[in-house]
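Atoms within each ligand, like the ligands themselves, are counted from 1 in listed order.
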Amino acid sequence: MTVELKTTYLGLELKSPIVASPSPLTGNVDSAAKLDQAGVGAIVLPSLFEEEILAEDSELNRSLDQGTNSFAESLDYFPALQSVEGVGDQYLANLETIKKRVSVPVIASLNAASTGGWIKYAKRIQDAGADALELNLYRVAADPARSAADLEANDVELVAAVRAAVGIPLAVKLSPYYTAIAGFAAQVVKGGANGLVLFNRFYQPDLDLDTLEVANRIELSAPWELRLPLRWTAILRPQLGKGVSLAATSGIRSGTDALKVLMVGADVAMITSEILRKGPDHVRTVETEMRAWMTEHEYVSVEQLRGSASRAAVADPSAFERGNYFQTIRSWSGSAE
Ligand SMILES: Cc1cc2nc3c(=O)[nH]c(=O)nc-3n(C[C@H](O)[C@H](O)[C@H](O)COP(=O)(O)O)c2cc1C
């Protein structure tokens, strides 16, 4: 029996539901090509950060101002400035190169916290050939003067501004820390998102006791992190309906992990940490495991199994989830010594 792995994500036909989520590997032409050969359905590039674009723009303005003040013939400066390749230009050039090199859709990523002039980059990304855009909403809500409602309205406005700038499919990578995530997810979709990526992983800074400085160390994910996207994919799938794409990211390492998120309704399973640990060829292992499990359990396609275990049948998901919590707490069977 042949097993069909193809799926649809953001309106794109993908040959596999295994997607390489943003990491240094997806931003490198050679490793992106290896991921393609290993069988990924799509590649999401590392994010271009709002701060990088703003820093570049202010640097450009400073240079222009300096030129204007010092020399009457300041227009002579334009050709020189245009030849300076900034972070944004490098990103676009890299996107074009990777696009030419791989056979699968390439999704670009913007990381942002506020609306602003930098949004023009969404359009530039589209013009450079991205098949879709992932907007990574990342903020730490540490301002005591700003309410949850205020911050959420700001985020929806940002999604709408990016939506207005581009016609390509738009996914929004969410933080798991919104208070009422189901309501917020619905607003993001209303704001123009074609899909949601569950979830952004926040990296908590450490403290170096010798230097008393903040130590930023990136940790690869652990298997238990899969539980959060698994739960929320199951809850959101029936609420958002089939027209909205869902991607699960965090803690997916194996074929069985990928099958779990697809079963609860994800369209794609994204992997970063395990590919960083084991290399691009790990994608082949994941897909082989998926095929073997599906054959054994008589599933002929991802389409057939997708969503078969979502919360659609449960009238009140919040009561269901509280019941789960209660039973989980009571499930501890170790010793209390
Ligand atoms: C080294 C590294 C770099 C990453 N860079 C980005 C990035 O630029 N943009 C982004 O949205 N996510 C980024 N991520 C997050 C991953 O795309 C992914 O969502 C997260 O690691 C959870 O998936 P995993 O458990 O498979 O690692 C990065 C993760 C790692 C480990």
Side-chain angles (χ1 to χ4, degrees), residues 9-10 16-28 31-32 35 38 40-53 87-88 90-91 94-95 98 106-113 121-122 125 130 132-140 155 158-159 162 170-177 188 193 195-205 216-233 246-262 266 268-280 282-283 285-287:
Y9 177 59
L10 303 172
S16 163
I18 303 303
V19 168
S21 36
S23 80
L25 278 184
T26 62
N28 172 282
S31 45
L35 285 164
V40 289
I43 289 169
V44 191
L45 298 186
S47 307
L48 176 60
F49 282 73
E50 174 186 333
E51 287 83 353
E52 290 177 306
I53 304 169
V87 184
Q90 277 169 26
Y91 190 88
N94 197 38
L95 161 62
I98 291 178
V106 176
I107 303 171
S109 167
L110 271 174
N111 182 308
Y121 270 86
I125 281 172
L133 178 62
E134 185 173 293
L135 177 63
N136 178 343
L137 294 181
Y138 188 107
R139 72 162 83 250
V140 177
D155 284 351
L158 173 54
V159 172
V162 173
L170 177 65
V172 178
K173 192 170 185 177
L174 294 181
S175 142
Y177 299 131
V188 168
L196 303 177
V197 182
L198 310 174
F199 287 106
N200 220 335
R201 232 176 128 236
F202 277 37
Y203 301 101
Q204 314 298 351
N216 289 313
R217 293 188 195 98
I218 194 158
E219 308 268 358
L220 298 181
S221 67
W224 58 264
E225 293 182 52
L226 169 65
R227 307 281 183 92
L228 194 64
L230 189 65
R231 161 184 273 186
W232 283 102
T233 306
L246 287 177
T249 171
S250 283
I252 299 170
R253 296 171 307 157
S254 62
T256 45
D257 290 344
L259 285 164
K260 286 181 191 177
V261 296
L262 296 169
V268 294
M270 295 187 161
I271 308 182
T272 288
S273 292
E274 201 64 355
I275 293 178
L276 286 173
R277 284 188 195 101
K278 298 194 169 152
H282 181 61
V283 172
T285 311
V286 170
E287 291 176 357

| Any Leu276 heavy atom less than 4.0 Å to ligand 1 | yes
| Which residue owns the protein heavy atom closest to atom 17 (O) of ligand 1, what's the atom, and how far is it? | Pro22 O, 2.8 Å
| message | Applying the side chain to side chain contact (heavy atoms under 4.5 Å, CB included) criterion to Val172, which one of Leu137, Val197, Asn200 satisfies it? | response | Leu137
| request: Look at atom 3 (C) of ligand 1 and say which protein heavy atom is nearest, naming residue and atom and giving the distance to 0.1 Å. | output: Pro24 CD, 3.8 Å
| query | Hey, does Ser23 come in under 3.5 Å of ligand 1, counting only N/O atoms on both sides? | reply | no
| side chain to side chain contact (heavy atoms under 4.5 Å, CB included) between Ile107 and Tyr9: does it pass, once the steps are laid out? | CA-CA 11 Å; Ile107 303 171; Tyr9 177 59; 3.9 Å; yes
| query | Given the rule in the side chain to side chain contact (heavy atoms under 4.5 Å, CB included) test, do Asp257 and Glu274 qualify, once you have shown the distances and angles that lead to the verdict? | reply | CA-CA 12 Å; Asp257 290 344; Glu274 201 64 355; over 6 Å; no
| request: Using a 4.0 Å heavy-atom cut-off, say whether Ile218 meets ligand 1 through its side chain, its backbone, both or neither. | output: side chain
| Atom indices of ligand 1, in the order listed, that fall short of 4.0 Å to a heavy atom of Leu220 | 31 (C)
| Those atoms of ligand 1 less than 4.0 Å from some heavy atom in Asn136 | 9 (N), 10 (C), 11 (O)
| query | Judged by non-hydrogen atoms, does Glu225 sit under 4.0 Å from ligand 1? | reply | no
| query | Once the angle between the rings of Phe202 and Tyr177 is folded into 0 to 90°, is it parallel (under 30°), tilted (30 to 60°) or perpendicular (over 60°)? | reply | perpendicular
| Residues Ser21 and Thr272: side-chain donor-acceptor under 3.5 angstrom | yes
| note | re atom 25 (O) of ligand 1, the protein heavy-atom contact at minimum distance is Ser221 OG, 2.5 Å
| Between Ser273 (side chain) and Leu220 (backbone), is there a donor-acceptor pair under 3.5 Å? | no
| remark: Residue, atom and distance of the protein heavy atom nearest atom 23 (O) of ligand 1 read Thr249 OG1, 3.1 Å
| How far is atom 27 (O) of ligand 1 from its nearest protein heavy atom, and which residue and atom is that? | Ser273 OG, 2.5 Å
| message | Is it the case that the side chain of Tyr121 and the backbone of Phe49 share a donor-acceptor pair, with hydrogens and angles ignored and the cut-off at 3.5 Å? | response | no
| query | Met270 and side chain to side chain contact (heavy atoms under 4.5 Å, CB included): which partner among Val44, Val40, Ile18? | reply | Val44
| query | Can you name the closest pair of heavy atoms from Leu45 and Ser109 and give their distance? | reply | O-CB, 3.4 Å
| What protein heavy atom is closest to atom 26 (O) of ligand 1, reported as residue, atom name and distance in Å? | Thr272 N, 2.8 Å
| remark: Within 4.0 Å of some non-hydrogen atom of Ile271, the atoms of ligand 1 are 26 (O)
| query | Can any side-chain N or O of His282 pair as donor or acceptor with the backbone N or O of Arg253 at less than 3.5 Å? | reply | yes
| Of the backbone atoms (N, CA, C, O) and the side-chain heavy atoms from C-beta on, which set of Tyr203 has a member under 4.0 Å from an atom of ligand 1: side chain, backbone, both, or neither? | side chain
| Just which atoms of ligand 1 are under 4.0 Å from any heavy atom in Ser47? | 7 (C), 8 (O), 9 (N), 10 (C), 11 (O)
| Which atoms of ligand 1 are found less than 4.0 Å from any heavy atom of Lys173? | 10 (C), 11 (O), 12 (N), 15 (C), 16 (C), 17 (O), 18 (C), 19 (O)
| message | Walk me through whether Leu170 and Val159 qualify under side chain to side chain contact (heavy atoms under 4.5 Å, CB included). | response | CA-CA 9 Å; Leu170 177 65; Val159 172; 4.3 Å; yes
| field | Ser21: numbered ligand 1 atoms lying under 4.0 Å from its heavy atoms | value | 17 (O)
| note | ligand 1 atoms nearer than 4.0 angstrom to some heavy atom of Pro46 are 8 (O)
